Amino acid sequence: MNLMLAYFDPTAGSLLLQALVGGFGGIMVVGRYLWMQLRGHEQTQVVLSQSQEIPIPSQYRSR
Amino acid sequence: MNFDSGSFRDRSARVFTSGEQVYRALSTQAYANWQQVSNQSFFRKRSLNGQIVGTEELSADERQKFLLPGSVAAVLRHERVPFISYPYEWSFAMLRQAALVHLEILTDAVSSGLILKDASPYNVQFRGSQPVFIDIGSFTPLIPGEPWLAYRQFCELMLFPLLLQAYRGVDFQTILRSQLEGIPARQFLQWMRWTDLFRPGVFTNGWLQATLEKKTQATPTSTVRDLQSSGFNSQFIERMLKNLKGIIERLNWVPRQTQWTSYNDTLSHVADDGQAKSAFVHQVCQAKHRRLVWDLGCNDGRYSKIASEHASTVIAMDQDHACVDRLFNTSFESRSNILPLCVDLANTSPAQGWRGHERKRLEDRGRPDLVICLGIIHHMVLAANIPLPDVVDWLASLGGELILEFPSKQDAMVQALLRNKHDQYDDYSLEHLESELQKHFRIQQRQSLPSGERTLLHGIPRHSV
């Protein structure tokens with residue numbers, strides 16, 4: 001089994017779909033996206049949102 | 001003070017309870033999001049009409065008593081929802097309403113420059129029969145060019161279960177109970193016939209999504225960033241939300257007639273005893289106002305309705321999906337305080353999810369003040385084969401008063417249950433029932449019904465006498 005499969009992002013398809021069903025403008029977006037993939041541009045490192053974890057104080061931990 | 005064991009996924013807006021109150025501790029970023037959303041007119045309007053849970057910010061003095069970590073920038077206090085229920089206990093119409101409320105709020109949010117980072121039906125609860133959105137921490141700023149990241153979650157936990165029920169008659173509750181993350185597109189398609197591809201929502205949201213997921217699973221780059229660079233904008237999200245709302249609004253599930261959907265109308269002994277039962281329930285209920293009443297085996301909800309006039313909230317439970325759906329539709333229209341749920345009493349919702357703490361047992365979500373148990377005990381003892389003392393022990397463990405109907409072995413419905421069975425139920429008698437009840441309850445009242453084979457009992461827990 002390809003170990004990469006354990007890390008694949010299954011949301012990629014659902015994200016592309018949102019453009020694909022967006023009429024002519026959406027198809028243009030997908031076209032540009034595919035062109036970028038074909039050009040094989042640099043892989044992007046992206047942080048979608050900044051996580052600011054609120055730790056549970058030790059006195060409130062039940063376990 | 002207790003941090004909610006189910007709110008760990010959102011690390012920036014944790015929920016905790018203290019006494020009867022529900023709070024949410026916000027990080028600096030989550031607090032900035034709250035300040036942005038709470039100033040929006042759609043948020044204020046939907047909070048006022050009850051679609052978004054009532055929320056207020058604590059003053060610095062008020063929050064000091066909680067001794068929270070320094071990373072907490074603010075604390076919100078939420079209105080307490082009377083009873084937490086889960087999508088695997090809802091009927092089709094309930095999940096449909098939850099999905100519609102979610103889409104309506106999300107549509108408003110997107111047009112105000114915000115988005116919901118989750119699309120989970122667990123973020124919608126029911127105040128009586130009315131849906132209310134509870135996850136204030138889910139509102140985040142809409143980043144220009146970023147798609148709706150929670151779309152797939154919306155499909156797996158709301159759209160696909162609804163389509164399965166409406167198009168194929170597959171009860172979604174059992175699937176959602178075991179698959180807490182929902183139904184993946186590929187699994188959803190396995191239930192569909194090829195002709196269903198032409199029905200609204202199946203081709204695009206099901207087949208196309210599953211195909212794209214397969215094709216893009218090895219994509220090494222960030223699809224979000226690449227779509228941003230390619231010119232994606234929020235109009236596509238708005239168009240998709242409008243499309244999804246249209247699909248779900250048109251969805252309709254017409255359940256087949258079951259033996260329970262016309263139970264109270266067709267059987268003469270039920271009709272004869274019905275009036276006496278209604279009077280008995282009314283008499284017990286009107287004696288005092290109760291906060292929470294459970295009606296077990298509610299069928300068409302006639303006793304729930306009587307109880308609802310004298311209680312803050314009535315949880316009406318039945319294992320028959322069609323009955324629950326019908327009761328929800330009438331309760332929703334009349335905005336009543338009845339919350340109907342699909343519950344198999346011989347197999348109630350367990351504690352599950354991460355370490356068994358994420359989703360609570362049915363019995364751990366609020367102690368009923370009164371339990372109405374009419375026309376049920378013979379099914380539990382004679383059909384589900386649960387020993388009578390065990391049934392009584394469970395009813396007592398709920399902690400409330402009890403109205404119980406006991407049909408004798410001579411009752412026509414009991415004989416119907418026994419007609420193809422060896423009668424191994426020596427413990428099934430009124431005398432034995434009463435002796436078991438006496439261990440936990442003081443029997444306040446007993447009354448024979450006109451059919452002559454059924455008895456009503458009203459018990460008060462001994463610990464409260």
Side-chain angles (χ1 to χ4, degrees), chain A, chain B residues 1-3 5 8 11-14 16 25-30 67-69 71-73 117 140 143 146-149 151-153 155 184-185 204-205 208-227 229-233 235-237 239-240 243 355 357:
Chain A
M1 181 184 165
N2 184 349
L3 271 179
M4 276 302 288
L5 287 179
Y7 298 97
F8 80 78
D9 174 12
T11 63
S14 70
L15 301 176
L16 271 180
L17 177 70
Q18 293 174 50
L20 205 57
V21 297
F24 181 72
I27 290 171
M28 294 294 286
V29 168
V30 175
R32 278 195 290 272
Y33 169 85
L34 291 174
W35 176 243
M36 286 170 67
Q37 299 299 310
L38 280 174
R39 277 171 48 210
H41 64 97
E42 286 182 13
Q43 294 189 10
T44 47
Q45 300 289 327
V46 62
V47 178
L48 295 184
S49 59
Q50 293 178 328
S51 172
Q52 297 188 353
E53 180 160 1
I54 293 178
I56 297 177
S58 57
Q59 69 266 34
Y60 297 133
R61 286 183 192 276
S62 54
R63 294 177 300 277
Chain B
M1 148 179 195
N2 293 302
F3 276 85
S5 52
F8 61 87
R11 293 154 173 79
S12 61
R14 288 190 190 270
F16 64 92
L26 303 180
S27 69
T28 310
Q29 182 59 51
L67 303 173
L68 289 162
S71 54
V72 174
K117 65 183 174 188
T140 50
I143 297 168
E146 194 171 289
W148 177 26
L149 299 178
Y151 162 69
R152 188 174 63 112
Q153 190 184 29
C155 291
T204 308
N205 300 285
L208 194 54
Q209 187 178 180
T211 305
L212 284 172
E213 274 181 12
K214 198 173 171 187
K215 297 279 183 202
T216 58
Q217 64 186 16
T219 306
T221 57
S222 161
T223 311
V224 175
R225 176 64 64 85
D226 291 348
L227 276 173
S229 309
S230 306
F232 191 92
N233 65 64
Q235 286 177 352
F236 298 130
I237 300 177
R239 191 177 298 183
M240 177 157 249
N243 177 265
R355 301 183 80 172
H357 289 288

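Worth saying up front: this structure is predicted, and the values here are computed from it rather than measured. In what follows, chains are A, B, ... by sequence order, proteins preceding strands, each numbered from 1.
Considering only heavy atoms from C-beta on, L16(A) comes within 4.5 Å of T223(B) through its side chain. In this structure, the side chains of L15(A) and T216(B) stay at 4.5 Å or more apart for every pair of heavy atoms. Between V21(A) and R239(B), every side-chain heavy-atom pair lies at or beyond the 4.5 Å cut-off.
In this structure, the separation between CG on D226(B) and CD on Q37(A) is 5.0 Å, given to the nearest 0.5 Å. Between the CD atom of E146(B) and the CD atom of Q18(A) there is a distance of 10.0 Å, given to the nearest 0.5 Å. In this structure, the separation between CG on L17(A) and CE on M240(B) is 4.5 Å, given to the nearest 0.5 Å.
The ring pair (Phe, Tyr, Trp, His ring centres under 6.0 Å) search around Y33(A) returns none, not counting sequence neighbours. Contacts of Y151(B) classified as ring pair (Phe, Tyr, Trp, His ring centres under 6.0 Å), with partners at least two apart in sequence or in another chain: W148(B).
When all heavy atoms of R32(A) and S230(B) are compared, the closest pair comes out as NE-O, 2.7 Å.
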